[in-house]
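Worksheet: one structure, shown below.
In each ligand, atom 1 is the first atom listed, and ligand 1 is the first ligand listed.
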Amino acid sequence: MGEVAVTAALPGRALSLLADQHHVRVRPPGAPLAGRELAAFVGDADALICLLADRVTAELFALCPRLKVVADYAVGVNNVDLEAARTSGVWVTNTPDVLTAATADLAWALILAVTRRVVEGDRLVRAGGFKGWRPDFMLGTGLQGKAPGIVGMGRIGRAVARRADGFGMRVSYTSLERAPPFEAMGAEYVADLDALLPEVDVLSLHCPLTPKTRHLIDARRLHLLPRGAFLVNTSRGEVVDEAALVAALEDGHLGGAGLDVYEREPEVHPGLVGRSNVVLLPHLGSATTDTRAAMADLAVENVRAVLAGSVPPTPVVTPVVPRR
Ligand code: GLV
Ligand code: GLV
């Protein structure tokens, strides 16, 4: 029997099933934890299941010598010091695959909402502004024949690319790894992001946040997009220089933006809030009932495996010498 610390209650039955075999401690709702506070909560636990806003650092591994696995309840693991985990003997796992379709769907929801002015139209109707159909009323931008550009052709980027076909769009993408099956279907690989941007009508971001991708989309790159292009971000807010994004919206260069994530989440740049050509969501990429339960199942499976001395199903970090 091991001890498992969980920083928030999770949907589905996974935690209660885990509690049949292990001692499970769930933190009551509160602000995300970091540093010594998180270490105090983890204490002598063998496993930690945490959220993407909890910051897991080298200090935690030093202060919690019994900790063997950090099961991040997310696909993006930028909240964890991965190198410190590796050298401290701690597994890090994430929740890939189970959230791919939900996140790709939400990227398309943002693409459609911002190009067809869905949220703006809803607000107008509620405010009593609908005075009847007019030929030139609230015109948006059609998707058919337009070029979506995908940054990061991992699982989610590929799922977004597959959906593009249904809208009659031909994908261009840039990624660390090429995706030959998509090239056979007509997707164009552009090795250099700077060369991709001028060709793109809608840029959708699906790369992980790493030191290399922080502010990948900055003022210079935003202005490499054609005038009137749209930016959609369902990855991590820090991939975009948010102040530069606001400036590119203000100077009219961008046609609009659809954002699920923010640079200083949950804070939202005040320059975004008042703009009608921006659609803002509260980090809902994986937020379906089924997906969030499946993420809990997978996080728990990872914990169970490590506590049983086995290799977890979805490791991000395999420790040099796993702690016993
Ligand atoms: C959500 O943002 C995730 O990384 O799962
Ligand atoms: C996420 O899993 C991705 O690969 O895009």
Side-chain angles (χ1 to χ4, degrees), residues 6-12 14-15 31-34 48-57 69-82 85 91-111 150-160 175-176 204-217 231-240 242 257-268 279-303 312-317:
V6 190
T7 64
L10 303 180
L15 288 183
L33 294 175
L48 168 64
I49 300 179
C50 64
L51 308 186
L52 55 89
D54 298 319
R55 296 223 0 265
V56 177
T57 59
V69 55
V70 173
D72 215 0
Y73 184 69
V75 71
V77 290
N78 53 284
N79 59 312
V80 181
D81 185 333
L82 302 177
W91 291 92
V92 179
T93 68
N94 67 343
T95 60
D97 303 316
V98 293
L99 49 57
T100 298
T103 308
D105 290 350
L106 195 87
W108 278 101
L110 282 170
I111 292 170
I150 294 178
V151 177
M153 202 67 151
R155 286 166 289 244
I156 297 169
R158 288 169 198 225
V160 170
S175 195
L176 294 179
S204 193
L205 306 179
H206 302 287
C207 55
L209 174 64
T210 67
K212 284 204 175 102
T213 62
R214 182 176 300 276
H215 284 194
L216 182 71
I217 305 301
L231 174 73
V232 166
N233 190 7
T234 52
S235 63
R236 284 290 181 270
E238 297 96 314
V239 174
V240 177
E242 217 166 66
L259 305 174
D260 191 38
V261 290
Y262 304 91
E263 196 172 344
R264 274 170 286 277
E265 211 166 298
E267 263 176 63
V268 178
V279 177
L280 304 173
L281 291 181
H283 205 146
L284 298 180
S286 64
T288 72
T289 307
D290 292 348
T291 296
R292 289 285 168 84
M295 289 165 66
D297 290 345
L298 188 50
V300 161
E301 266 182 65
N302 277 298
V303 166
T314 54
V316 183
V317 165

Provide the number and element of each atom of ligand 1 under 4.0 Å from a heavy atom of Gly76.
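Listed by number with element, the hits are 3 (C), 4 (O).
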If you count the atoms of ligand 1 from 1 in the order shown, which ones are under 4.0 Å from a heavy atom of His283?
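With His283 as reference, the close atoms of ligand 1 come out as 1 (C), 2 (O).
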Test side chain to side chain contact (heavy atoms under 4.5 Å, CB included) applied to Leu205 and Leu259, Val261, Leu231, Thr234, the passing residue:
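Among Leu259, Val261, Leu231, Thr234, the one that satisfies the side chain to side chain contact (heavy atoms under 4.5 Å, CB included) with Leu205 is Leu231.
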Where's the contact between Leu52 and ligand 1, heavy-atom distance under 4.0 Å: side chain, backbone, both or neither?
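The answer is the side chain.
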Tell me which part of Leu99 gets within contact of ligand 1: side chain, backbone, both or neither, using heavy atoms under 4.0 Å.
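Contact part for Leu99 vs ligand 1: side chain (C-beta onward).
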Protein residue, atom and distance nearest to atom 3 (C) of ligand 1, heavy-atom basis
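The protein heavy atom lying closest is Val75 N, 3.4 Å.
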Check: Thr213 side chain, Pro208 main-chain N or O, donor-acceptor pair, under 3.5 Å:
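Present.
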Pairs of nitrogen or oxygen atoms closer than 3.5 Å, one from Arg236 and one from ligand 1: do any exist?
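By distance alone, the answer is yes.
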Test side-chain contact (heavy atoms from CB on, under 4.5 Å) on Leu280 and Tyr262; report intermediate values, then the result.
CA-CA 9 Å; Leu280 304 173; Tyr262 304 91; 3.4 Å; yes
Rounded to the nearest 0.5 Å, how far does CG of Leu298 lie from OG1 of Thr314?
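If we round to the nearest 0.5 Å, Thr314:OG1 and Leu298:CG are 4.0 Å apart.
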Test side-chain contact (heavy atoms from CB on, under 4.5 Å) on Asp72 and Val56; report intermediate values, then the result.
CA-CA 10 Å; Asp72 215 0; Val56 177; over 6 Å; no
